[in-house]
Trainee: 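This is the structure I have questions about; it appears just below.
A quick note: this is a predicted structure, and the numbers were derived from the prediction, not measured. A note on names: the letters A, B, ... follow the listed sequences, proteins ahead of strands, and every chain is numbered from 1. Only heavy atoms go into these numbers, but all of them, side chains included; no hydrogens, no water, no symmetry mates.
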4 protein chains.
Amino acid sequence: MTGDAKPLRADALRNRARVLEAAELILARDGLSASMRAIAQEAGVGLGTIYRHFPTREALHQAIIADRMRRLIDEGEELRTAADPGAAFLRFFTLVVDSAKRKKILADALAQAGVDPKDGLSDVRRDMRHAIESLLTRAQRSGAIREDLRMPELLALLSATCVAAERSDWSPDLQDRTLRLLFDAFLPGPRRHLPPCTDTP
Amino acid sequence: MTGDAKPLRADALRNRARVLEAAELILARDGLSASMRAIAQEAGVGLGTIYRHFPTREALHQAIIADRMRRLIDEGEELRTAADPGAAFLRFFTLVVDSAKRKKILADALAQAGVDPKDGLSDVRRDMRHAIESLLTRAQRSGAIREDLRMPELLALLSATCVAAERSDWSPDLQDRTLRLLFDAFLPGPRRHLPPCTDTP
Amino acid sequence: MTGDAKPLRADALRNRARVLEAAELILARDGLSASMRAIAQEAGVGLGTIYRHFPTREALHQAIIADRMRRLIDEGEELRTAADPGAAFLRFFTLVVDSAKRKKILADALAQAGVDPKDGLSDVRRDMRHAIESLLTRAQRSGAIREDLRMPELLALLSATCVAAERSDWSPDLQDRTLRLLFDAFLPGPRRHLPPCTDTP
Amino acid sequence: MTGDAKPLRADALRNRARVLEAAELILARDGLSASMRAIAQEAGVGLGTIYRHFPTREALHQAIIADRMRRLIDEGEELRTAADPGAAFLRFFTLVVDSAKRKKILADALAQAGVDPKDGLSDVRRDMRHAIESLLTRAQRSGAIREDLRMPELLALLSATCVAAERSDWSPDLQDRTLRLLFDAFLPGPRRHLPPCTDTP
DNA sequence: CATGAATGAGGGTTCATTCAT
DNA sequence: GATGAATGAACCCTCATTCAT
């Protein structure tokens, strides 16, 4: 699917892993603007080695994000059979926020889960969207989540939470209280009809 | 308080304003990575002129942010006497998000409204916090907003919304629906007691 | 024409000249692959200074070539009124070869005097072509140069001679003898009809 | 003489040939700056294989040039017994130009046929020189080529023509006309006494 | 022997900042 | 004060060459 060609030599595989690991670390520390050199140094490899595995700075970023998203999607898969669909949905939301907060870099990609430019992340983004949607639908069917919660605003709030968590280094306690609060908005029940709030385009 | 030292000459003042204006425009267009040269060009002044008024790229950013925050704080002040305290509170929230979305650059500063590092923004950040707090308290007293909504999570969600709005270019419609949804979390009423959600630090 | 905008500051002008001078020297030594860094060092300026004056490596090359060509074209202009048209024509040929040999870099541009890609050198190349053509025509009219000598093959031989001279560092003596020999081909007089010589395309 | 040491294994020999062939192709396409990787790819061998046979990029170039020169020298050998010595001489000149034009890379080596640095090409260059000289002498004896044509300027013009042909991609027609013109300079007959032409060293 | 992964110097270029004009 | 020329560190990336597999 993703284009695995040859099985790669053992040392190459190990180096690729080291690069990914180092990149995660450095990107988590310095943000998207982290330099390739810093990553190479942290990984203990030459600059060229990074470029062998990831032809471009962008490609490295995407690889990391795709990697992390895949893992999240897998966890989402497992949660699809959880006993409590509502809890499962909220749990997944939390997992995503956690991942963003710990590893950074994730939020930007997430922010465009609904957009899909042509950047090689389209597939994994689509899968992520599906994972969320399927958990949401199940939770709604079970009556745990309000019926009128739709994907666009859900994604908007998810990505918002991720960016904030990843930028502001929310303490576990703050994150907990913030998410609890936010989740209240997802519950079914009587709603006030609030006046329209935005004005300027 | 804000540290005005000498009564700048008329033309110097005008130049300062032109730079700020241009910087807003360019930063809104190119984001934080906008180059000083681009700003100087847009302002129609020399590079040196920018540096005369703002000793550092960072200082310019802060000036812009402080500027914008001041204006928001002023609007908050006016809303303190609005007829409907609940609406006023939500309206202010919306105003801040709008500002972030239109002008960029704002969200990052906001994200640290609760932190206060030692950058020249502590004052205005404190004022912003006060503005929000005062609107919140009034809205809570009026019964429009739940009693247990506290500043930390409110700021967290506000900054989250701002960053997301500013990054993802939410359409007016999406922004509207997202904020409505979020605001439901602020309403008083029966709450489900959700299980704690985060785990890893 | 060439786009002179503002009169440039004195020091800027001086630096520009230093860069050009250094570039000529270094390019003559290292060929087209000379590094910008080497040129900056030789010029005693920062790298950025080069890029201020010449936005691109290519632009610097072209500036040098254009410069040199212009000077040659000017010399050609003077030769148009020389007493002996035949000698003038040959003298110009020699001047061009001399310039190529001493300064390198010239030949490549010359090689495409007949081609004209879109590289900012089109103008000067056209002028060079005109200069040559006008000297040639005059020499032919005077009977000093054979009538059937046409521009394409003349340019071919001129550029050939230039490249060779610039690459092989012909000694003055060798250059003299080579040109004398070649010039014999330009003289009028009885010609043997040689059989076609090329075969493969 | 040429330095064959050990009787390479069959597959090694085949690989060497494949590399040479690929290198010719790629160098003809991309010029001297063609990358080793491109050549390896075209040859269908690993990078290491190239380096096993040619310790250096330079060595590979030389091997190719030597190869091509050898072939040319062989053709020269055959032409030594041709019926028309004058035509044979000119034909050889043309063959060399053709080869340069089609395969690139040749001209530089040729340019130094008279110089002989210590680069492993000395032998073949000497042979080439001999081949030319012998054809020239024979043609002169037959009266077809002027007596006073000497090797240095002949080589100079030959290499000039080669570089130009290889760089400018002369059309067959242009090449034909250019060579015919040039060859007129080689013919015996009355010569004008041209004034000395070069001045600056 | 063949392979191709690893290396890292070096290339062109950008840009925040300083300072002579 | 205002200007913009100069600076040079830093960035991303390429590629000849080496060497573990």
Trainee: Rounded to whole angstroms, how far apart are CG on Leu13(C) and P on dG4(F)?
Mentor: 16 Å
Trainee: Between Leu47(C) and Arg57(D), just flag the one whose closest nucleotide in DNA chain F comes earlier from the 5' side.
Mentor: Leu47(C)
Trainee: Would you kindly give the CZ-to-C1' distance between Arg16(A) and dA6(E), to the nearest whole Å?
Mentor: 16 Å
Trainee: Identify whether any heavy atom of Ser35(B) sits under 4.0 Å from a base atom; if not, whether one sits that close to sugar-phosphate; answer base, sugar-phosphate or nothing.
Mentor: sugar-phosphate
Trainee: Starting at NE2 of His53(C) and ending at C1' of dT13(E), how long is that distance when rounded to a whole Å?
Mentor: 16 Å
Trainee: On DNA chain E, nearest-nucleotide positions of Thr56(B) versus Gly46(D): which is more 5'?
Mentor: Gly46(D)
Trainee: Where is the tightest heavy-atom contact between Ala43(C) and Val19(C), given as atom of each residue plus distance?
Mentor: CB-CA, 4.1 Å
Trainee: Under 4.0 Å between any heavy atoms, over every strand shown, what does Ala38(D) touch: base, sugar-phosphate, or nothing? Just pick one.
Mentor: nothing
Trainee: Does Val45(C) or Pro55(D) map to a spot on DNA chain F nearer the 5' end, using the closest nucleotide for each?
Mentor: Val45(C)
Trainee: Base of dG10(E), side chain of Arg37(A) - is there a donor-acceptor contact under 3.5 Å?
Mentor: yes
Trainee: Atom CD1 of Ile50(A) to atom P of dC11(F): distance rounded to whole Å?
Mentor: 12 Å
Trainee: Would you say the side chain of Phe54(C) lies within less than 4.5 Å of the side chain of His61(C), judging by non-hydrogen atoms?
Mentor: no
Trainee: Using OP1 and OP2 only, check whether a side-chain N or O of Asn15(D) sits under 4.0 Å from dA2(E).
Mentor: yes
Trainee: More 5' along DNA chain E: Asp11(A) or Met36(B), using each one's nearest nucleotide?
Mentor: Asp11(A)
Trainee: From CG of Leu60(C) over to C1' of dT13(E), roughly how many Å is that when rounded to an integer?
Mentor: 14 Å
Trainee: Just by modelled atom types, is the Ala59(C) backbone N or O under 3.5 Å from a matching donor or acceptor in the Thr56(C) side chain?
Mentor: no
Trainee: Measure the shortest side-chain to side-chain distance between Ile39(D) and Leu47(D) over non-hydrogen atoms and say whether it is less than 4.5 angstrom.
Mentor: no
Trainee: When you measure from the side chain of Arg52(B), which nucleotide among dT17(E), dG1(F), dC1(E) comes out closest?
Mentor: dG1(F)
Trainee: Going by purine N1 to pyrimidine N3 plus the second Watson-Crick contact, or the G-U wobble pair, all under 3.5 Å, which nucleotide sits opposite dT21(F)?
Mentor: dA2(E)
Trainee: In this structure, how many angstroms lie between the P atom of dC15(E) and the CG atom of Asp30(B), rounded?
Mentor: 10 Å
Trainee: Using whole Å, what does the distance between atom P of nucleotide dA10(F) and atom CD of Gln41(A) come to?
Mentor: 12 Å
Trainee: Suppose we define a pair by two distances each less than 3.5 Å, Watson-Crick or G-U wobble; what does dC13(F) pair with here?
Mentor: dG10(E)
Trainee: Starting from P on dA20(F), measure out to CZ on Arg14(A) and report it in whole angstrom.
Mentor: 13 Å
Trainee: Taking the side chain as every heavy atom from C-beta outward, state whether Leu60(A) and Met36(A) have any pair of such atoms under 4.5 Å apart.
Mentor: yes
